[in-house]
Amino acid sequence: MKKFNRTLVTTALPYANGPVHIGHLAGVYVPADIYVRYLRMKGEDVLLIGGSDEHGVPITIKAQKEGITPQDVVDKYHNIIKDSFEKFGISFDVYSRTSNKVHHETASEFFKTLHEKGEFVEKTSEQYYDAEANQFLADRYITGTCPHCKSEGAYGDQCESCGTSLNATDLIDPRSSITGNKPELKETKHWYLPLDKYEPYLKQWILEEHKEWKPNVYGQCKSWLDNGLHPRAVTRDLNWGVPVPVDGGEGKVLYVWFDAPIGYISATKEHTPDWEKYWKAEDSKMVHFIGKDNIVFHCIIFPSMLKAEGSYILPENVPSNEFLNLEGDKISTSRNWAVWLHEYLEEFPEKQDVLRYVLTANAPETKDNDFTWKDYQARNNNELVAILGNFVNRALVLTHKYFDGKVPAAGELNDFDKETLAEIPTIKAQVEKNLETYHFREALKEAMNLARLGNKYLADTEPWKVIKTDEERVKTIMNICLQISTNLSTLMEPFLPFSANKLREFLNIEPLAWENIGENVIEVGHQINKASLLFEKIEDATIQAQVDKLLATKAANEAANKPVTPAKENINFDDFMKMDVRVGTITEAEKIAKTKKLLKLTVDTGIDQRTVVSGIAEHYKPEEIIGKQVSILVNLEPKKLKGIESQGMILMAEDADGKLSFVSPDQAVKPGSEIR
RNA sequence: GGCGAGGUAGCUCAGUUGGUUAGAGCGCAUGAUUCAUAAUCAUGAGGUCGGCGGUUCAAACCCGCCUCUCGCUACCA
């Protein structure tokens, strides 16, 4: 194995268009923090780098919506995010931002270097341009009718209604969302990084030399590499970002994904004039902590950029977590389905470690996981309170009770004492092994075993009984319990820094080095402090309040967030009368094979029995809708879908969250009844 | 559509190069215990390892097909 002399740890840059939530913490920042705290305790040279990603189109859209400048948006969220991380004890050496001067200079230099080396390909293409707003339109700024499902309001890059990804030029009747005008096509030049050029190198580097990467990361890279890489545009027509620093770059900025990872470099520069040794020395190890949505950027694109530049090292590992869900649903900023860190800090003061613990114990390391408040409560009450907090409390209380809080001297150790103490180095080794291979969940579990060991030791030695007959023996027992407690304060430091600190206060000791674990470091006669509680039980009412809050916020936001679609143009009565809508009864329903959404329905329209293909399979099961009365447009011209002729259309009401429901008469009526 | 990851005890997850009775934590049951925030300790129940088929003396693990979940996906439509 390669020997490294220093480690550079980067954490994905959170996008500064909203606060951060538990998903961010669980996926990236807590594991990264555990890792660097561990390395620091071992006395290694390590930097933890982070910062806010402040460029890109969504920020300009948010600014426009709120009537403020993009800088206002990022200032606001950068401060909230930075503050949340600090309060959760994420021990950044530097937490920077991509809108600052150092970064603009660094990114600009980087681009120029590649440009001068001839690493870019320049290409001209046609893009939509809004003449009135005098700017090119990013895909997200163009809406129109989806060429596939014909629904309106599709974006230039994707139709949210049918999920298809699109090219802006495919949209029917495209509109600029800035002015509402019809945009025109205009030629524009962009710089592309020819990823295909680095493909052979990347294949060797990842597929051959980094088989130890996590399966999700390795698999994703392999998928990309096997499919072949293509040149990728690294500039955009936009005015918010790092300006393209070469001729012809006026009015253009670096693509946010080109600019953001360079943010790691700028942040390091900002932190230390010695930044180059972390980025360029062969004996430096770089590790990127990211979420699974970032894999391709950190494993393919950024390495290609670094390779193109030529003087940088590439990451040694890219531990990427999957996603954390919340109470069974995907975490979503726009739907406000999240536990926000700044809110948690207010509502659960002094409980940072509880969340750190729960998120580590249930981290989405191998697959998406679910965070529930009930699990949060259970882990706090049954693990932190009952196992860790309780053991420490027992040890301290007994020491005060029998020996006035002075560490007693151990007498001769019996076999059980020796066996117990011998467990400590074993646990230490297990924790190390797991931390070094990025298995934080397992590492934490092993660390908790030390507290379990303590509880078992007490149960087996029963000092509260022995004290009546053999005080000398109890001195030995308590000495060992205090040794375990001391070791716990060190072992838990990477995971639960606040509690480890509190425990040291109880024990009245200074921070220790990782290598002290397993050594007898607590002095005989040392006075310990009066114990208070390391963790407190969390009551049902507290948890219920959080669940209620979540549900209420969700409901409120759904109502407020989704504006009702504006009314369409007026039509005359004759137009309306052209539509023949009837009440029909569903008599048969079956799922159409190999489709996600489609059901084949047979409907009794009163006029006839007819077949209708309807995209409702995600909302209704075939067996539960038979006999249902629905509204059906009977004179829509037939259309073949998946080889089945659909003769009409079932009318559905679509809720803000996309949920469909039938439009049905509120009492049974005869099939064929007209709806007017 | 193509591709990737995942589907192991009620819940959350381990299972090394295929090798005996498939493990852990939480939850549950029973017992012990009272120093401790009714916390702790011991014991136990609970699994056709997503489904079907194949390779093998031997499959949770290798191969094929199917299925469910999550994700990625092209100047493809």
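Reminder, nothing fancy here: chain letters follow the sequence lines and each chain counts from 1. Predicted model only: the values in this text are computed from it and were never measured. No hydrogens, no waters, no symmetry mates; every other heavy atom, side chains included, goes into these values.
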**Study point:** 4.5 Å side-chain heavy-atom contact, A/Ile22 and A/Val358
**Key:**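 Of all side-chain heavy-atom pairs linking A/Val358 with A/Ile22, none is under 4.5 Å.
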Check your understanding: Considering only heavy atoms from C-beta outward, does the side chain of A/His190 approach that of A/Asp237 to under 4.5 Å?
Key ->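 SC-SC contact between A/His190 and A/Asp237 confirmed.
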**Study point:** Minimum-distance pair of heavy atoms, taken over all atoms of A/Ala443 and A/Val431
**Key:**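 Heavy atoms only, the tightest pair is O-CG2, 3.8 Å.
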Taking atom [atom1] in both [N] and [M], what distance in whole Å separates the two?
N     : M     : atom1 : result
B/A60 : B/U48 : P     : 13 Å
B/U8  : B/G47 : P     : 15 Å
B/G10 : B/G50 : P     : 13 Å
B/A58 : B/U20 : C1'   : 11 Å
B/A38 : B/U43 : P     : 25 Å
B/G71 : B/A59 : C1'   : 29 Å
B/A9  : B/A29 : C1'   : 15 Å
B/G46 : B/A22 : C1'   : 14 Å

Under 4.0 Å, counting only non-hydrogen atoms across every strand here, what does [X] touch: a base, just sugar-phosphate, or nothing?
X        : value
A/Ala378 : nothing
A/Leu534 : base
A/Lys330 : sugar-phosphate
A/Lys123 : base
A/Arg232 : nothing
A/Pro215 : sugar-phosphate
A/Lys537 : base

[N] [atom2] sits how many Å from [X] [atom1], rounded?
X        : N     : atom1 : atom2 : answer
A/Lys367 : B/G71 : NZ    : C1'   : 15 Å
A/Ile206 : B/G4  : CD1   : P     : 16 Å
A/His230 : B/G2  : NE2   : C1'   : 13 Å
A/Ile290 : B/C72 : CD1   : C1'   : 13 Å
A/Ile477 : B/A36 : CD1   : C1'   : 16 Å
A/Gln377 : B/G27 : CD    : P     : 12 Å
A/Ile295 : B/G6  : CD1   : P     : 12 Å
A/Leu229 : B/C72 : CG    : P     : 18 Å

**Study point:** Lys/Arg N to Asp/Glu carboxylate O, A/Glu322 vs A/Lys367, below 4.0 Å
**Key:**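 Not counted as a salt bridge, because no side-chain N and carboxylate O are separated by less than 4.0 Å.
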Nearest-nucleotide pick for [X], side chain only, options being [options]:
X        : options             : value
A/Val385 : B/U40, B/G71, B/U37 : B/U37
A/Asn390 : B/U12, B/C41, B/A36 : B/A36
A/Lys292 : B/C70, B/A14, B/U40 : B/C70
A/Lys445 : B/C3, B/A24, B/U12  : B/A24
A/Glu383 : B/G71, B/G25, B/A5  : B/G25
A/Phe535 : B/A5, B/C26, B/U37  : B/U37
A/Asp368 : B/C70, B/A39, B/A42 : B/C70

Using purine N1 to pyrimidine N3 plus N6-O4 or O6-N4 for Watson-Crick, or N1-O2 and O6-N3 for G-U wobble, both under 3.5 Å, which nucleotide pairs with [N]?
N     : value
B/A58 : none
B/G1  : B/U73
B/G31 : B/C41
B/G53 : B/C63
B/G23 : B/C13
B/G6  : B/C68

Point to revise | Nearest-nucleotide 5' precedence on RNA chain B, A/Gln220 against A/His439 | key: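 Mapping each residue to its closest nucleotide by heavy atoms, the 5'-most match is A/Gln220.
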Report yes if at least one side-chain N or O of [X] is closer than 4.0 Å to OP1 or OP2 of [N]; otherwise report no.
X        : N     : result
A/Thr366 : B/A14 : yes
A/Arg441 : B/A14 : yes
A/Asn381 : B/A39 : no
A/Arg452 : B/A39 : no

Review point. Between A/Phe440 and A/Phe495, does the ring centre distance come in under 6.0 Å?
Key: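 Judged by ring-centre distance (under 6.0 Å), A/Phe440 and A/Phe495 do not meet the cut-off.
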Review point. Is the distance between the ring centroids of A/Phe348 and A/Tyr376 under 6.0 Å?
Key: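 Centroid separation for A/Phe348 and A/Tyr376: below 6.0 Å.
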Exercise for review: List the steps and the verdict of side chain to side chain donor-acceptor pair (under 3.5 Å) for A/Lys214 and A/Asn317.
Suggested key: CA-CA 9 Å; A/Lys214 288 174 62 170; A/Asn317 206 323; over 6 Å; no
**Study point:** Ring geometry between A/Phe302 and A/His288 (parallel below 30°, tilted from 30 to 60°, perpendicular above 60°)
**Key:**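 Rings of A/His288 and A/Phe302: tilted, as their planes differ by 30° to 60°.
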Practice item. Assess A/Lys211 against A/Tyr218: is NZ or CZ under 6.0 Å from the centre of the six-membered ring, and within 45 degrees of the ring's axis? Key: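 No.
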Check your understanding: Among all residues two or more places apart in sequence or in another chain, which pass the side-chain hydrogen bond (donor to acceptor under 3.5 Å, both in side chains) test with A/Asp353?
Key ->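 Scan of A/Asp353 (side-chain hydrogen bond (donor to acceptor under 3.5 Å, both in side chains), adjacent residues dropped) gives A/Ser499.
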Check your understanding: Reading nucleotides 29-35 of chain B 5' to 3', which nucleotides get B (base under 4.0 Å from a protein heavy atom), which S (sugar-phosphate only), which -?
Key -> -----SB
Check your understanding: Under the salt bridge (Lys or Arg N to Asp or Glu O under 4.0 Å) criterion, do A/Glu472 and A/Lys475 qualify, and how do the steps go?
Key -> CA-CA 5 Å; A/Glu472 285 307 306; A/Lys475 285 184 181 170; 3.2 Å; yes
